Amino acid sequence: MIPAVMPTYARADVVFERGEGAYLVDTDGRKYLDFASGVAVTALGHAHPHLVTALTEQVQKLWHTSNLFRVAGQEKLAARLIERTFADTVFFCNSGAEAWECGLKLIRKYAHDTGQPERTRIITCGGAFHGRTLASISAANQEKLVKGFEPLLEGFDQVSFGNLNELRAAITPQTMAICVEPLQGEGGIRFAGWDYLTAVRAVCDEFGLLLFLDEIQTGMGRTGKLFAHEWAGITPDVMCVAKGIGGGFPVGACLATEKAAVGMTAGAHGSTYGGNPLAMAAANAVLDIMLAPGFLDSVDRIGQLLQRGLAQLVDRQPAIYPERRGVGLMQGLRCGPPNTEVLAALRRHGLLAVGAGDNVVRLLPPLVIGDDHVDEALTILERVAVELAPEAPE
Ligand SMILES: *Cc1c(COP(=O)(O)O)cnc(C)c1O
């Protein structure tokens, strides 16, 4: 008999009851150090006092009014994002896939409205992940996402992530944009270097293409900058954001330059829930913390501490963790044993992490962790390596 909850996930058999900072407590009272953060979502940890206050106040005032009216929280959040980024304008929605799809529609509309309607194609990268809508799986075109869901949406050409020759060779008169994640998250914390992003920007400029960055996982402080592309010293034309921006409340955003958003006029796009007052209260509260002086510097510092610790771990335990990848608090360990086994062992020892492609275990802690949390995670990772090592004494 099919379960009441549609069985589309291979879930771990644990139910959480509450969270506090970097910890989650399950219904048996067991405590876990949360280096999963709901897949990079609870960027400020659980039950952050500022978020709790902001949401509690908003809950008592107003939840939802629709986008038939102005929404003060949207105007405030958009202005803050614009001030801090390349963008001139922002569309709010409820998830990453929607934010990505807004970017896709914006690009198609740009081509149409600027008299180049034949330029319907977008170049994407192998190993990419942009969400689970039909358009976003068509763009990523990975077998595990698309199998059984054909026919896919037309208009995507895929190249190897990190390969500039392939990228240049794939450009045709029909190409309008290049879509890339600064670091691939679901793909396995794959990083092609900041030079790659800089070069992709240069290719876009050379061929008159829009650069569409998916910063859903890399953005909102995860790498130690508000957005990862800042490390590369470049700016995109379009960028989608979600995950950490709501701190656990569903929020997505598509940011764009005025030039790229030329076609996004009244009636062009919409969302019933998108940017509702409750969601905007959450996201504005997240930004209050992330934009406070010194916050991102402290993320950068703690990210480097975690990275150094993981590098040393890889040196000591190469059979279990042959490789470290990532930047800041977006770290990955490629595993010797199947990553599912490593994840289960970590959980038994009280550490939550997330699987990814390339047999990687992702460590995506809240951005508010301290040195002691890093030490605790490294201790558990080491303990699990010893336990899983083939020659481990019983
Ligand atoms: C999670 C993620 C998405 C999809 O976000 P949803 O909120 O699950 O729709 C898209 N792109 C990247 C890079 C992601 O990490």
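In this text the structure is predicted, and so the values were computed from the model without any measurement. Keep in mind that the numbers below use all heavy atoms, side chains included, and drop hydrogens, waters and symmetry copies. Whatever order the structure lists ligands and atoms in, that order sets their numbers, starting from 1. By convention here, the first residue in the shown sequence is residue 1.
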Do [X] and [Y] have side-chain atoms, one donor and one acceptor, less than 3.5 Å apart?
X	Y	answer
Q184	R190	yes
Q217	E181	no
T53	T56	no

Practice task
Start with the C-alpha gap between F191 and Y196, add the side-chain angles, then the distance that decides, and say whether ring-ring contact (aromatic ring centres under 6.0 Å, His included) holds.
Solution key: CA-CA 9 Å; F191 181 45; Y196 173 64; 9.4 Å; no
Practice task
Would you indicate whether the side-chain heavy atoms of N276 and V71 approach each other to under 4.5 Å?
Solution key: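 The answer is no; the side chains never approach within 4.5 Å.
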Exercise for the section: Please check atom 9 (O) of ligand 1 for a protein heavy-atom neighbour under 4.0 Å. Expected result: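 Yes.
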So, regarding [X] and ligand 1 (criterion: nitrogen or oxygen to nitrogen or oxygen, under 3.5 Å), is there a contact or not?
X	answer
A97	yes
G131	no
F129	yes
Q217	yes

Handout entry: Check: Y23 ring centroid to H373 ring centroid under 6.0 Å
Key =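 Distance test on ring centres: under 6.0 Å, yes.
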Practice task
Answer with yes or no whether W100 contacts ligand 1, where contact means a heavy atom under 4.0 Å from a ligand atom.
Solution key: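 The answer is no, since W100 has no heavy atom less than 4.0 Å from ligand 1.
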Handout entry: Protein contact to atom 11 (N) of ligand 1 [nearest heavy atom, distance to 0.1 Å]
Key =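 The protein heavy atom lying closest is D214 OD2, 2.7 Å.
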Problem - atom 7 (O) of ligand 1: nearest protein contact (heavy atom, Å) - result: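 Sorting protein heavy atoms by distance from atom 7 (O) of ligand 1 puts G96 N, 2.8 Å first.
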Exercise for the section: Report yes or no: does T124 contribute a side-chain atom to a donor-acceptor pair with the main-chain N or O of A139 at less than 3.5 Å? Expected result: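 It does hold such a pair.
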Exercise for the section: Kindly identify the option in K243, E181, H130 whose heavy atom sits closest to atom 15 (O) of ligand 1. Expected result: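 Among K243, E181, H130, the closest heavy atom to atom 15 (O) of ligand 1 comes from K243.
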